[in-house]
Amino acid sequence: MIHTRVIAVARDEPEVDILNEAAAVLLGGGLVAFATETVYGLGAVATDAEAVRRIFEAKGRPSFNPLIVHVAGIDQAKRYTTDWSARADVLARRFWPGPLTLVLPRTVDVPEVVTGGGPTVGLRVPAPTVARRLVECVGLPLAAPSANRSNRISPTRAEHVLADLDGRVHLILDSGPTTVGLESTVVDLTADPPAVLRPGPIGPAELAEALSTTTVAPRSHGETETRQAGPHASPGMLSVHYAPRTPAVRVESSARLTDVDWPERAALVAFEPIDLNHIPAQVVRFIQPTSDVAAREFYETLHNLDARRLDLIVAVEPPAGAEWDAIRDRLRRATIPYQRNKRR
Ligand code: TXA
Ligand code: MG
């Protein structure tokens, strides 16, 4: 069992000695959790296959699910792909640093353990100063999945990381809550047209506009839920994937809430105002009014509700509209559809 240390680091001007210490842990083959703008990541030096293997072990993550490689900028990204295309360049210049992961053909410098054995690598430049300085300090890219145990809710605070990975990570850099709150958009640039493998903070319209093409194809659920080993499969897109411990269900609309057989200790999560008459939820969380605010609060809300050890969490699906795609996607992974007699 590893002794996990938590060190607070200043978000805007991270202390150099702390960054150096974290870099030393990483260069020694250790694991360091750090905040990105989306969620906390569980980092290891991406070119160190042994260290990367420790990430999979710590998370209990299946080895076929590839990791995102975090780089400090475009120049460093180019070193790890054999095809820095015009499209990659346009998207990187527009959205990096930021919550966009580009899937590109990998070079031999990216160990197979990082890519799940596949020929591509997911690259991104995280926005926070702490994350970028850390990569710079190490001088090598960092492979980092979300810093949660496999199938648990992604962490938006250092406390969430500690609760899930105490004894499994050497160091947690605590720079406060993340600002975006939902994982990056993953775009496959080896597909034509580019395909969104995971919806996220940067939506299809923004991507299409940047690429000046009209089609950025979303990958349908049917395709991704089967564990296709093909180069374009994104294994993180399996069905229930980010679930709380509390039984969690969803209904299509607030009208369906009266169908629910409410246990005594239940929570309701909704993204629009709802008439609460006849809805006996003990705890009610409205996450609104915009999809950006909702993204920031979504995992946070699930973590808080999960900690209350309720009997049931009932969520109403978010409104229609592409800006809610990422939240709808995460909600569908965290819950199962409500069925009156098969709830538990
Ligand atoms: O915002 C984020 O993306 C966070 C922060 C820490 O950067 N990371 C994150 O990592 O969410 P993870 O491992 O929890 O999810 C990575 C997703 C998975 O769905 C994985 O299958 C996909 O990205 N992915 C990574 N590399 C890929 C590749 N080469 N081809 C296809 N999908 C890939
Ligand atoms: Mg994850």
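Every number for a ligand or one of its atoms is a count from 1 in the order of the listing. The chain is numbered in sequence order, starting from 1.
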> Going through the checks in order, is the side-chain hydrogen bond (donor to acceptor under 3.5 Å, both in side chains) test met by Arg198 and Ser184?
Replying inline: CA-CA 8 Å; Arg198 180 175 69 182; Ser184 63; 3.2 Å; yes

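- The shortest N or O to N or O distance between Glu183 and ligand 1 is not under 3.5 Å.
- For ligand 1, the atoms sitting less than 4.0 Å from at least one non-hydrogen atom of His70 are 5 (C), 6 (C), 7 (O), numbered in the order shown with element in parentheses.
- Using a 4.0 Å cut-off to heavy atoms of Ser184, the atoms of ligand 1 that qualify are 1 (O), 2 (C), 3 (O).
- The aromatic rings of Phe298 and Phe271 lie tilted to each other, with the angle between the two planes from 30° to 60°.
- Neither the backbone nor the side chain of Lys59 comes within 4.0 Å of ligand 1, counting heavy atoms alone.
- Distances from atom 16 (C) of ligand 1 to the heavy atoms of Thr178, Thr120, Ile68, Leu182 show the closest one on Ile68.
- The contact set between ligand 1 and Val121, taken as ligand atoms under 4.0 Å from a residue heavy atom, comprises 29 (N).
- Partner Val9 forms a side chain to side chain contact (heavy atoms under 4.5 Å, CB included) with one of Val130, Leu134, Thr129 and no other, that one being Val130.
- For ligand 1, the atoms lying closer than 4.0 Å to a non-hydrogen atom of Asn65 are 18 (C), 20 (C), 21 (O).
- Distances from ligand 1 to the non-hydrogen atoms of Glu37 include no value under 4.0 Å.
- Between the Thr178 side chain and the Thr38 main chain, a donor and an acceptor come within less than 3.5 Å of each other.
- Using 4.0 Å as the threshold, Arg106 has no heavy atom nearer than that to any atom of ligand 1.
- Using modelled atom types, one side-chain atom of Asp306 and one backbone atom of Thr246 make a donor-acceptor pair closer than 3.5 Å.
- Because the distance cut-off is set at 2.8 Å, Ser154 fails to qualify as a neighbour of the Mg ion (ligand 2), as none of its N, O or S atoms comes that close.
- When the options Pro66, Gly122, Gly41 are ranked by their closest heavy atom to atom 25 (C) of ligand 1, first place goes to Pro66.
- Proximity to Leu197 (heavy-atom distance under 4.0 Å) selects the following atoms of ligand 1: 31 (C), 32 (N).
- Relative orientation of the His160 and His303 rings is parallel, given thresholds of 30° and 60° on the angle between their planes.
- No hydrogens or angles considered: nothing links the side chains of Tyr40 and Glu159 as a donor-acceptor pair under 3.5 Å.
- Remark: ligand 1 atoms within the under-4.0 Å shell around heavy atoms of Ser146 are 8 (N), 9 (C), 10 (O), 12 (P), 14 (O).
- For atom 5 (C) of ligand 1, the nearest non-hydrogen atom from the set Thr38, Val186, Leu102 belongs to Thr38.
- Residues satisfying the salt bridge (charged side-chain N to carboxylate O under 4.0 Å, His left out) criterion with Arg149, sequence neighbours excluded, are absent altogether.
- Arg168 contributes no side-chain N or O that, together with a main-chain N or O of Lys59, makes up a donor-acceptor pair within less than 3.5 Å.
- Inclusion of Arg124 in the set of residues having an N or O under 3.5 Å from an N or O of ligand 1 is warranted.
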